[in-house]
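Every chain is numbered from 1 and lettered A, B, ... according to where its sequence line falls, protein lines coming before strand lines.
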Number of protein chains: 2
Amino acid sequence: MSKQSSLPWITPAGRETPARERLSVDAIVDAAYVVLNREGHEKLSMRAVAAELGVAVSSLYTHVANKDELIRQIWLRSFLASEVPEPTSDPEEWARRLRTWMHSIRDTLREHRDLARVSAGQHPFIPEALPQLERIIAFFRSVGLPEPIIAAAGDHMSTFIEGYVSEEQVWEERMRRLTPTERENVAESVAHYFGDLDPDDYPNLTDIGPTLMVHAEKDERFDRGIEILIRGFMSYL
Amino acid sequence: MSKQSSLPWITPAGRETPARERLSVDAIVDAAYVVLNREGHEKLSMRAVAAELGVAVSSLYTHVANKDELIRQIWLRSFLASEVPEPTSDPEEWARRLRTWMHSIRDTLREHRDLARVSAGQHPFIPEALPQLERIIAFFRSVGLPEPIIAAAGDHMSTFIEGYVSEEQVWEERMRRLTPTERENVAESVAHYFGDLDPDDYPNLTDIGPTLMVHAEKDERFDRGIEILIRGFMSYL
DNA sequence: TCGGTGGTAGAACGGTGTTCGTAGACATCC
DNA sequence: GGATGTCTACGAACACCGTTCTACCACCGA
C-alpha cells in the first residue's frame with residue numbers, strides 16, 4: 001500500500017501496521033458471521049465483532065446504526081442468497097420446486113449456527129430486498145394461487161422454517177451440554193420419561209409421546225411439516 | 001401478621017413495615033407479567049422485576065435459578081391457561097373447535113405485550129405441562145389424524161401463532177414510534193412505496209405488493225393463515 | 001432461651017449497547 | 001506546497017444487564 005510516504009521496510013515508530021484499513025458494512029457482516037458460527041447468537045456482541053476485526057467497538061457505529069441494523073444486514077445477506085425457483089404453472093412441478101427451495105433455505109439456516117433465531121421477525125420490505133421479493137411473488141403466482149393466499153404463503157413458509165431450525169438447534173445445544181454417556185442414553189431416557197407415566201392418567205402420551213420427542217430422524221419431521229403446508233397451499237388451486 | 005413478637009402498634013425502630021413478606025415463584029411471575037405488559041420484552045430484566053416487587057435483585061435467585069427459568073415459568077402459566085377443546089370425531093366440528101382454540105391462543109398472546117416473543121422456543125415436555133399436553137394430543141387424535149402428523153401439527157400450530165403475533169406486535173411497535181400525522185398516512189405511503197416502483201422491473205410487486213403489507217384487516221390474515229394449516233391437516237383424513 | 005436454617009439484601013464482577021470528544025489520515029482547494 | 005476541512009478510527013465513559021458472594025437477620029424447633 002502506498003499510504004505511507006516512508007519507505008516500506010521502515011515502519012514508523014509506535015505503529016505496527018499501516019492500519020486504517022477502511023472498515024465497511026460488508027466487512028462487519030463478514031465478521032459477524034464468523035462470530036455467529038463459532039460462538040453462537042448469545043455471544044454475538046458488538047465487542048466480539050469488533051475484536052474479530054481487530055478494531056475498536058465504537059468504529060462499528062460509523063457504518064452501522066446499531067446492533068439491530070447489524071442483525072438486519074446479516075439476515076439480508078442470507079435472504080438474498082436464497083435461490084428462488086423459476087415460475088411454473090404445472091402444479092406438480094411447482095410443488096416439487098417449492099419443496100427443494102424450502103430444503104435449501106433450511107440448509108443455509110442450519111449451516112450458520114443461530115442464523116435462524118437471528119432471522120426470525122425480519123421483514124423483506126426494505127429496498128435492497130425488493131428484487132428478491134419480486135421473484136418470490138412471481139413464483140407463488142405462477143401456479144395460480146389466489147392473491148390473498150400468496151401473502152400468507154410467504155410468511156407461513158418462513159416462520160415455519162425459522163421456527164423449525166431454531167427448535168432443532170435449541171435441542172442440539174441441549175445435547176451439547178450432556179456428557180457422552182448421557183447422550184447415548186437419550187432415546188432410552190425419553191422412552192422412560194413417557195413410559196413411567198400412568199397409562200390411566202396419560203393414555204395418549206404413553207402411546208405416542210416418544211414419537212413427539214424423537215429428533216433422530218429430524219429430516220422426516222421437516223418433510224412432514226412442509227408437506228402439510230404445501231397441501232394447504234395446493235388446496236386453493 | 002404475627003411474625004413480630006412486639007405489639008402490633010409499636011413498630012421496631014428503623015423498620016417502616018413489618019417487611020419480610022416472603023417471596024414466591026408465583027409472586028415473581030406476577031411481577032414479571034406486569035413489567036412485560038407495561039414495558040415490553042426488551043425491558044424485562046431481573047432488576048425490573050425486583051423493583052416491581054420492591055425487593056433486592058439477588059432475592060429473586062432463591063426462588064428462580066436464572067432468567068431463563070423465569071421466562072419458562074412465564075410461558076408455562078400462559079400454556080396452562082389455554083383451554084384445549086374437547087375431542088370429537090366429526091371433522092367439521094373438529095375444524096371449528098381447532099379454529100376457535102387458535103383464536104383464543106392468539107388473543108392471550110396479544111393481551112400480554114411480547115408474551116409471544118417470550119414464549120417462542122419453549123417445549124411442553126416439562127412435567128408440569130404434561131396434563132395439558134395429554135389433552136392436546138387427545139384432541140388431535142380424536143378426529144383420526146395419523147400419528148406422525150399429530151406430532152407435526154402441534155409444533156406447526158404454535159410456531160405459526162407465535163410467529164404471527166410477534167410480527168403483528170413488531171409492526172405495532174413501529175407504529176407507536178410514529179407521529180400521529182405519520183400514522184394516518186401509513187396506508188398512503190405504503191401505496192406510494194410500491195406504486196413508485198417501475199412496473200417493468202417489478203410487475204408482480206406493483207400488482208399485489210400493497211396487499212402484502214396492509215395490516216389493517218389483520219384478523220383476515222390470521223384467519224387465512226390458520227385456514228391453510230387446517231386444510232393441510234384435514235388432507236390427511 | 002438458644003442455635004440453626006433459610007430467605008433477604010448489598011456490594012461487586014464481568015459483561016452488554018451506545019455516545020462523545022479527540023485526534024489523525026485523507027482529499028481538496030488556494 | 002501548504003493550509004483547510006471532512007471523514008473515520010479510537011479510547012473512555014455511561015448506564016444498563018445477569019449473576020454470585022457474603023453478611024445479616026427473622027423465624028422455627030428444641
Side-chain angles (χ1 to χ4, degrees), chain A residues 1-6 8 11-29 31-32 35-36 39-74 114 117-118, chain B residues 1-8 10-29 31-32 35-36 39-74 114 117-118:
Chain A
M1 293 276 119
S2 59
K3 282 191 202 145
Q4 305 283 131
S5 53
S6 59
T11 56
R15 200 169 259 299
E16 297 288 336
T17 65
R20 284 298 155 85
E21 202 69 32
R22 298 276 285 276
L23 270 180
S24 68
V25 179
D26 260 355
I28 292 174
V29 175
V35 173
L36 201 56
E39 325 215 24
H41 85 284
E42 280 170 339
K43 294 289 184 65
L44 178 66
S45 66
M46 299 301 270
R47 279 170 169 85
V49 173
E52 183 65 33
L53 289 162
V55 128
V57 205
S58 49
S59 308
L60 303 180
Y61 286 85
T62 343
H63 304 271
V64 152
N66 49 37
K67 194 184 178 185
D68 276 357
E69 202 206 299
L70 171 56
I71 287 179
R72 185 161 52 240
Q73 292 286 346
I74 293 172
D114 289 342
R117 238 167 308 184
V118 153
Chain B
M1 294 274 116
S2 58
K3 281 188 203 150
Q4 306 283 132
S5 53
S6 60
L7 296 175
I10 301 179
T11 55
R15 201 168 256 300
E16 296 289 335
T17 65
R20 284 297 155 83
E21 203 68 34
R22 299 276 283 275
L23 269 180
S24 68
V25 180
D26 260 355
I28 293 174
V29 175
V35 173
L36 200 56
E39 323 215 25
H41 85 285
E42 281 169 340
K43 294 289 185 65
L44 177 66
S45 66
M46 299 301 271
R47 279 171 168 85
V49 173
E52 183 64 32
L53 290 163
V55 128
V57 205
S58 48
S59 308
L60 303 180
Y61 285 85
T62 36
H63 303 272
V64 152
N66 50 38
K67 194 184 178 184
D68 276 357
E69 202 206 298
L70 171 56
I71 286 177
R72 187 162 47 240
Q73 292 286 346
I74 293 172
D114 288 341
R117 238 167 307 184
V118 153

A/His63: which residues meet the side-chain hydrogen bond (donor to acceptor under 3.5 Å, both in side chains) condition with it, sequence neighbours left out?
none
Report the residues that fulfil salt bridge (Lys or Arg N to Asp or Glu O under 4.0 Å) with A/Arg72, sequence neighbours left out, ordered by chain and then residue number.
none
Who passes side-chain contact (heavy atoms from CB on, under 4.5 Å) against A/Ala51, sequence neighbours left out?
none
OP1 or OP2 of D/dT8 under 4.0 Å from side-chain N/O of A/Ser59
no
So, does A/Gln73 use its side chain to make a donor-acceptor pair with the main chain of A/Glu69 at under 3.5 Å?
no
How many Å lie between CG on B/Leu70 and C1' on D/dG18, as a whole number?
12 Å
Taking salt bridge (Lys or Arg N to Asp or Glu O under 4.0 Å) as the cut-off, I'd like each qualifying pair that reaches into residues 58-68 of chain A, sequence neighbours left out, listed once.
none
Can you tell me which residue pairs pass the side chain to side chain donor-acceptor pair (under 3.5 Å) test with a partner in residues 41-53 of chain B, sequence neighbours excluded?
B/Arg38-B/Glu52, B/His41-B/Asp114
Between the protein and nucleotides 16-18 of chain C, which nitrogen or oxygen pairs are less than 3.5 angstrom apart?
unit_1: C/dT16; atom_1: OP1; unit_2: A/Ser45; atom_2: OG; d: 3.1
unit_1: C/dG17; atom_1: OP1; unit_2: A/Met46; atom_2: N; d: 3.2
unit_1: C/dG17; atom_1: OP1; unit_2: A/Lys67; atom_2: NZ; d: 3.2
unit_1: C/dG17; atom_1: OP2; unit_2: A/Met46; atom_2: N; d: 3.0
unit_1: C/dG17; atom_1: N7; unit_2: A/Arg47; atom_2: NH1; d: 2.5
unit_1: C/dG17; atom_1: O6; unit_2: A/Arg47; atom_2: NH2; d: 3.0
unit_1: C/dT18; atom_1: OP2; unit_2: A/Tyr61; atom_2: OH; d: 2.9
unit_1: C/dT18; atom_1: OP2; unit_2: A/Lys67; atom_2: N; d: 2.8

Roughly, in whole Å, what's the span from CG in A/Leu23 to P in C/dG24?
19 Å
Would you kindly give the CG-to-P distance between A/Leu60 and D/dG11, to the nearest whole Å?
13 Å
